[in-house]
Peer 1: 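One structure follows; several queries about it will come next.
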Protein chains: 2
Amino acid sequence: MTIAAPRTASGTTNTHDPCDDDCGIRDVLDRLGDRWSVLVVVELTKGTRRFHELHRAIPGISQRMLTLTTRRLMRDGMVQRTVYPTIPPQTDYRLTTMGRSFSAAIASLADWSRQHKSAIASSREQWDADRPARNDL
Amino acid sequence: MTIAAPRTASGTTNTHDPCDDDCGIRDVLDRLGDRWSVLVVVELTKGTRRFHELHRAIPGISQRMLTLTTRRLMRDGMVQRTVYPTIPPQTDYRLTTMGRSFSAAIASLADWSRQHKSAIASSREQWDADRPARNDL
DNA sequence: CTGAATCCCCACGGATACTG
DNA sequence: CAGTATCCGTGGGGATTCAG
């Protein structure tokens, strides 16, 4: 997502530091935000994967985005890359200790998601049925 | 984010259904993905809030995005809105039961985020220091 | 005070072609 | 195999204005 720092420096003088609420969460949210990071992490939870293995395991991801996603996860210290200078080349991706810790954190969220999937879906249906004409959100 | 369903129907016949991994998580990820949903939910965890209270509590959010975010959260059944037809008008936002459940789920993620904030930051510094010329990711 | 409507920028990300 | 480079469409979201 690449959230630029709050630009206007909050004109209304806030009594409590907003950083108490969101600061720090941003770092994680920026990873969850893009389309692929979580999927890559989940796939790597199953074990070490090569580039094309990740590519096959994650339907729809382009080579470009797989490269960008792994790079960003490496930068955040979630993923470790090992290159074997063979011919043809081989590179292994695996979760770091922090990466596994992160995957555990999102696993609970995934559980919640599965448990409430139908409830969310029905809530949306209800909403959409009640206002068919509106094209907001 | 509005993730379109996996388009190519996985040309390479995958042995295991990719939907086992991501399906269902998407619904939640689409909420976490945007810049503001989580912040709004976290703020509402503290209690019922009026529109301008949310606006002040969440630095940087525009009126437009606050409206869109609350609407989407309402559609997902996370937030309930109460309008008092006074003059000037007053509207209260509060979490539903599912909304509170959701906030509990992301609370653990927020904890993880705070605990690893410095580790992530230092990892990024390390990365950026090692390759100053690269402008990827 | 609580929005709705409009304009518009730009970052995310897909498609494609090229390289070691 | 494992990327890199380039072009380009789409939509998320900021700024601003109008309305009840």
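A note on names: the letters A, B, ... follow the listed sequences, proteins ahead of strands, and every chain is numbered from 1.
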Peer 1: Below 4.5 Å, heavy atoms only, C-beta onward: do B:Leu44 and B:Leu73 meet side chain to side chain?
Peer 2: no
Peer 1: Taking all non-hydrogen atoms of both residues into account, name the closest pair between A:Asp128 and B:Arg75 and its distance.
Peer 2: OD2-NH1, 2.6 Å
Peer 1: Please check: side-chain N/O of B:Ser123 versus main-chain N/O of B:Ala119, any donor-acceptor pairing under 3.5 Å?
Peer 2: no
Peer 1: Donor-acceptor check, side chain of B:Ser113 to backbone of B:Leu109, threshold 3.5 angstrom: yes or no?
Peer 2: no
Peer 1: Relative to each other, are the rings of B:Trp112 and B:His116 parallel, tilted or perpendicular (30° and 60° limits)?
Peer 2: parallel
Peer 1: To the nearest angstrom, how far is B:Leu66 atom CG from D:dG12 atom C1'?
Peer 2: 16 Å
Peer 1: Enumerate the protein-to-nucleotides 1-3 of chain C contacts in which both atoms are nitrogen or oxygen and the separation is below 3.5 Å.
Peer 2:
unit_1	atom_1	unit_2	atom_2	d
C:dC1	O3'	B:Arg50	NH2	3.3
C:dT2	OP1	B:Arg50	NE	3.2
C:dT2	OP1	B:Arg50	NH2	3.3
C:dT2	OP2	B:His52	N	2.9
C:dT2	OP2	B:His52	ND1	3.1
C:dG3	OP1	B:Arg81	NH1	2.2
C:dG3	OP2	B:Thr91	OG1	2.8
C:dG3	OP2	B:Tyr93	OH	2.4
C:dG3	N7	B:Gln63	OE1	3.0

Peer 1: Please state how far atom CE in A:Met65 lies from atom P in D:dT4, giving the value in whole angstrom units.
Peer 2: 13 Å
Peer 1: Rounded to whole angstroms, how far apart are CD1 on B:Ile58 and C1' on D:dG14?
Peer 2: 16 Å
Peer 1: Identify the two heavy atoms, one from A:Ser37 and one from A:Arg31, that lie closest to each other, and give their separation to 0.1 Å.
Peer 2: CB-O, 3.1 Å
Peer 1: How bent is the helix from C:dC1-D:dG20 to C:dG20-D:dC1, comparing axes over its five end pairs at each side, to the nearest 10°?
Peer 2: 40°
Peer 1: If I take atom CG in residue A:Asp92 and atom C1' in nucleotide D:dC1, what distance separates them, rounded to the nearest angstrom?
Peer 2: 12 Å
Peer 1: When only distance counts, do a donor and an acceptor, one from the side chain of A:Arg35 and one from the base of C:dG13, lie under 3.5 Å apart?
Peer 2: no
Peer 1: Rounded to whole Å, please give me the gap between CD1 in A:Ile87 and C1' in D:dG3.
Peer 2: 15 Å
Peer 1: Any Lys/Arg nitrogen of B:Asp76 or A:Arg124 sitting under 4.0 Å from an Asp/Glu carboxylate oxygen of the other?
Peer 2: yes
Peer 1: Please report the distance, rounded to the nearest Å, between CZ in A:Arg64 and C1' in D:dT4.
Peer 2: 10 Å
Peer 1: In this structure, how many angstroms lie between the C1' atom of D:dA5 and the CG atom of A:Leu68, rounded?
Peer 2: 12 Å
Peer 1: Given side chain to side chain contact (heavy atoms under 4.5 Å, CB included), test A:Ile120 with B:Met78 step by step and report yes or no.
Peer 2: CA-CA 9 Å; A:Ile120 294 177; B:Met78 305 287 197; 4.2 Å; yes
Peer 1: Using modelled atom types and a 3.5 Å cut-off, is there a donor and acceptor pairing between side-chain atoms of B:Ser122 and backbone atoms of B:Ser118?
Peer 2: yes
Peer 1: Between atom CZ in A:Arg56 and atom P in D:dA2, what is the gap in whole Å?
Peer 2: 10 Å
